[in-house]
Amino acid sequence: MSVIRIALPVPLRQSFDYLLPAGIEVQVGCRVRVPFGKRALVGIVWQLQPADAFAEDALKPIIEPLDAAPVLSEHLCQLLSFAADYYHHPLGEVLISAIPALLREGKPLPTGQSLSYQLTQAGETTAEADLKRAPKQLALWQQLQQGALAADSITSEQRPALRALLQKQLVTAIEVPFAPYPALTAASAGLKLTTDQALAVSAIVQAQGRFQPFLLEGITGSGKTEVYLQSIAPLLAQGQQVLVLVPEIGLTPQTLARFADRFAVPVLSWHSGLTDTERLGCWQQAATGSAAIVIGTRSALFLRFARLGLIVVDEEHDASLKQQDGFRYHARDLAIKRAALEQCPVVLGSATPSLESLHNALQGRFQLLTLSSRASGQQLPTLELINLQQQPVQFGLANTTIQQIKHTLQQGFQVMLFLNRRGFAPALSCQECGWVADCQRCDASMTWHKSDRQLNCHHCGSSRPVPRQCGHCGSTRLVPLGQGTEQLEAQLQPMFPDYPVVRLDRDSTRRKGSLAEALHQITQGGPQLIVGTQMLAKGHHFPQVTLVVIVDVDGALFSSDFRAPEQLAQLITQVAGRAGRARHAGKVLLQSRYPDHGMLQDILHNGYDSFARLALTERQQTLLPPYQFLALFRAESHQDELPRQWLQQLVELVQTEAPEVQLLGPIRAPLERKAGKYRWQLHCYSASRSGLHQLLNQLIAASQSWPLTRKLRWQLDVDPVDLS
DNA sequence: GTAAAAGAAGGC
DNA sequence: CCTTCTTTTACT
């Protein structure tokens, strides 16, 4: 009997030791089932024969080992251990989040086989004439003559034909073991590169086999994807694997097709839409080396790879790379760590790099690769500020804006209107007394969704019918306050009756397939108006749009979040990248009531690059990230006083233990009450990363013995992206 | 996090 | 003295 240490998926910052009965072999990274209180849990073996084991007579034996070989590789264990420390999240929960749900539940790892179909002997020898009357079957039969087909490559239209062929015993199901994909032999035909692109590709290719982070800064249309593709090609020729991380909304069929069409190797996608079985299949294909390229959202970073040769983080500035609940990791930052462990290059790509990455590049930690011209030779769109205070405004659109929309449509092009507020109106108000329909549980107004005939709270998800009377004075004169996409769509239609208006937001695309439908209608072309939220700014490419209107840029100008200017500059630049086509330069109209605002002027005249460098000096002067490290404690409770008191206890501890750490708080969260809970924050700034983390460990350890800690919910966000 | 034990509050 | 709800504690 020996003792092993197991990481268990419980929110406890401690490890648990168990007895390993003689004769049972396990390794670090293997799953085991163990008794835990009255239940049985699946845990990960973390240490064999720990030196400081728990009293041996109090140990229970494990129930059963679940793996013959580790499910987590050594590199992954190191990465996850680092991440658990860095983000101060319980190790067991971090480890378990890195394996597919089916493995988490203790299901056995399929023996590395995938289902395929191949012709039987009868099938090989059967004559074409026999299938003449069944064209679907004939087509499938002909396809199978080229070789076996994987079960997941069979389309739903082919299923009936397959069933028929199986019945006739012309086809049989076989289990094919996952094997490393065959290395690419034929050179793929890439596009001709610009000088910038060629330099970038050669730098990345030369970094093969060693750790080297790159920041690929390329204006939209400069051909970043082509750089990825051509950097990948030599790796595929060596049978290496590539991981491409993309923002949640950026994983479109077009992105996938771009990679799949170029190389004759297996390209897999990893995203939240997969079923548990699909996820396990994908996980295994990455782990066995049978997948060559995996394109996925942030959690793909924790996939196991047999021979990882390169990591690409596309749109590295995108906030969706940071997990916003539970284990709050940043996939971009951990991608750097992973590349260091795997000894491979990592490419962060963006038209609008985050200030963090730009800072790293300027400090020489990342090699900066710049693509400064558009590959198509196409002109950059022009930006124009529209002053909302100096001219008549109709439905939130200035006269000049309306004129330019009309002009663009008449020329046969498309217009995109960007408004980051869904619903009909963000509030419903009483004209007599000024009362606003509030959410009962949040400190916010409810959004009027006219077509659903209800009020929705966008913060807690609650809804109620639209009131007929004012909740305060009883008046029936209730009017919408402000404008959402639903309203803009309704107002544009009568204004431009000859052109279709398409709306793209979470509400209009809720029905399955409706997004694809809308995208189809847009790419089919013809002049039309496209209204939408940030779905428009990311991922999709609309080649016929030559005019983009940002209906309201002012929201971000006076935000308390120090990242708001950066995010607005990124949005403007990203949206601008959607405008214009080969021979028609695009135009972006920024509607503002404060057109003289310094930041708008700077973006307008000098572009994102200049804005970003200026913003960095500002961050340096104000001692904000990336010049200082930030950690954010959040606490919430139904009682208003508790979170503030708890955070105040932290403050007192910091003042004695680490007086050099600067604090802001306890302050109320921007949305002070959400879903009935009062929310408070404490911001901790430090010039020393290690000093800050040491302090955080001390704070967490100390707080565990405070009675208050059990009376509220708290969380720690390291390097927060969203301060709300 | 779950589950059970311990404690507090209320009914008769 | 019993039930029911809330709080505390253990979990290897």
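Here is the naming used below: chain letters follow the sequence lines, and residue numbers restart at 1 for every chain.
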**Student:** Ring-plane angle category for A:H693 and A:H88, please: parallel below 30°, perpendicular beyond 60°, tilted otherwise.
**Tutor:** parallel
**Student:** Let me know the distance between CD of A:E93 and P of B:dG1, rounded to the nearest Å.
**Tutor:** 8 Å
**Student:** If you find the nucleotide of DNA chain B closest to A:P9 and the one closest to A:K38, which residue's nucleotide is nearer the 5' end?
**Tutor:** A:P9
**Student:** With heavy atoms under 4.0 Å as the rule, sort A:Y18 into base, sugar-phosphate or nothing.
**Tutor:** sugar-phosphate
**Student:** Which residue pairs pass the salt bridge (Lys or Arg N to Asp or Glu O under 4.0 Å) test with at least one member in residues 35-63 of chain A, sequence neighbours excluded?
**Tutor:** A:R5-A:D52
**Student:** Classify A:R13 by what it touches in the nucleic acid, base, sugar-phosphate, or nothing, heavy-atom distance under 4.0 Å.
**Tutor:** nothing
**Student:** Reckon A:R713 has a side-chain N or O less than 4.0 Å from the OP1 or OP2 of B:dG1?
**Tutor:** yes
**Student:** Tell me whether the centres of the aromatic rings in A:H683 and A:F633 are closer together than 6.0 Å.
**Tutor:** no
**Student:** Reading DNA chain C from 5' to 3', where do the contacts with chain A start and stop? Cut-off is 4.0 Å to heavy atoms.
**Tutor:** C:dT9 to C:dT12
**Student:** Given A:H330, which of A:L321, A:I336, A:V718 fulfils the side chain to side chain contact (heavy atoms under 4.5 Å, CB included) condition?
**Tutor:** A:L321
**Student:** Does A:K674 come within less than 4.0 Å of A:D443, counting only side-chain N to carboxylate O?
**Tutor:** no
**Student:** Do the ring planes of A:Y329 and A:F327 sit parallel (below 30°), tilted (30 to 60°) or perpendicular (above 60°)?
**Tutor:** tilted
**Student:** Heavy atoms only, 4.0 Å cut-off, all strands: where does A:Q14 land among base, sugar-phosphate and nothing?
**Tutor:** base
**Student:** When all nucleic acid strands are considered with a 4.0 Å heavy-atom cut-off, which category describes A:L8: base, sugar-phosphate, or nothing?
**Tutor:** nothing
